[in-house]
Amino acid sequence: MDLDRFQYLIVLALSLAVTLPLELVLGARVYRRPRRLLAALVPTVVVFTLWDLVAIRLGHWTFDPRYVTGWTLPGDLPIEELAFFVAIPLCGLLTFATVTKLRGR
């Protein structure tokens with residue numbers, strides 16, 4: 001099996017795995033506040049998904065087929081890109097919440 005095509009997903013999964021202890025061990029409380037989490041993620045996911053769809057349509061943005069699964073959403077958006085728009089902001093939220101908690105705010 002050629003793992004190259006799963007690299008993007010693997011990096012995202014590892015990013016989430018590395019930040020998961022921030023929730024479980026340090027009590028970031030990001031996953032425990034689903035409304036707040038959705039309020040932070042939905043605008044990011046919507047705006048950047050639309051941005052990517054326009055860029056793909058205009059030919060300004062492409063994805064190397066060697067490093068994506070080939071599974072796409074309407075508009076030829078790779079599922080990895082949508083996962084990126086969820087995973088990376090989530091990692092940022094976990095980090096921010098942890099730092100804020102540790103600083104005593």
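Under a hydrophobic clustering in which Ile, Leu, Val, Met, Phe, Trp and Tyr are joined whenever their side-chain heavy atoms come within less than 4.5 Å, directly or via other members, Phe96 and Leu22 fall into different clusters. Both Leu14 and Val86 belong to a single network of hydrophobic side chains, linked directly or stepwise wherever heavy atoms of I, L, V, M, F, W or Y lie under 4.5 Å apart. Under a hydrophobic-cluster definition in which Ile, Leu, Val, Met, Phe, Trp and Tyr are linked whenever side-chain heavy atoms come within less than 4.5 Å, directly or via other members, Val11 and Phe6 are assigned to different clusters. Both Trp51 and Ile79 are members of a single hydrophobic cluster when ILVMFWY side chains are connected at heavy-atom separations under 4.5 Å. Tracing side-chain contacts under 4.5 Å through hydrophobic residues (I, L, V, M, F, W, Y), one reaches Trp71 starting from Leu77; they form part of the same cluster.
Scanning both residues, Ala17 and Pro21, for their nearest heavy atoms gives O-CD, 3.3 Å. For the pair Phe84 and Leu12, the tightest heavy-atom approach, listed with the atom from each and the gap, is N-CD1, 3.5 Å. Taking both residues in full, the closest heavy atoms of Ala28 and Ala97 are given as O-CB, 3.6 Å, listed atom of the first, atom of the second, then distance. Leu90 and Leu41 make their closest contact through N-CD2, 4.1 Å (heavy atoms, listed as atom of the first residue, atom of the second, distance). Contact record, Leu3 with Ile10: O-CD1, 4.5 Å, taken as the closest heavy-atom pair.
The aromatic rings of Phe63 and Trp61 sit perpendicular, their planes meeting at an angle over 60°, well past the 30° parallel limit.
Within the 4.5 Å cutoff, side-chain heavy atoms of Leu20 are placed close to those of Tyr31. Contact of the Phe85 side chain with the Asp52 side chain is registered, since non-hydrogen atoms from C-beta on lie closer than 4.5 Å. Taking 4.5 Å as the limit, some side-chain heavy atom of Arg32 sits within range of a side-chain heavy atom of Glu23.
We find the CG-CG distance between Leu53 and Leu73 to be 8.5 Å, quoted to the nearest 0.5 Å. Considering CG of Asp64 and CD of Gln7, their distance stands at 9.5 Å, rounded to 0.5 Å. Atom CG of Leu93 is separated from atom CD1 of Ile88 by 11.5 Å, given to the nearest 0.5 angstrom.
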| Intermediate values then yes/no, side chain to side chain contact (heavy atoms under 4.5 Å, CB included), Thr62 and Ile56 | CA-CA 6 Å; Thr62 61; Ile56 291 166; over 6 Å; no

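When atom types are taken as modelled, the side chain of Thr19 and the backbone of Leu16 share a donor-acceptor pair closer than 3.5 angstrom.
Here side chain to side chain donor-acceptor pair (under 3.5 Å) pairs that include residues 72-92, with residues two or more places apart or in two chains, are Tyr8-Glu81, Thr69-Glu80.
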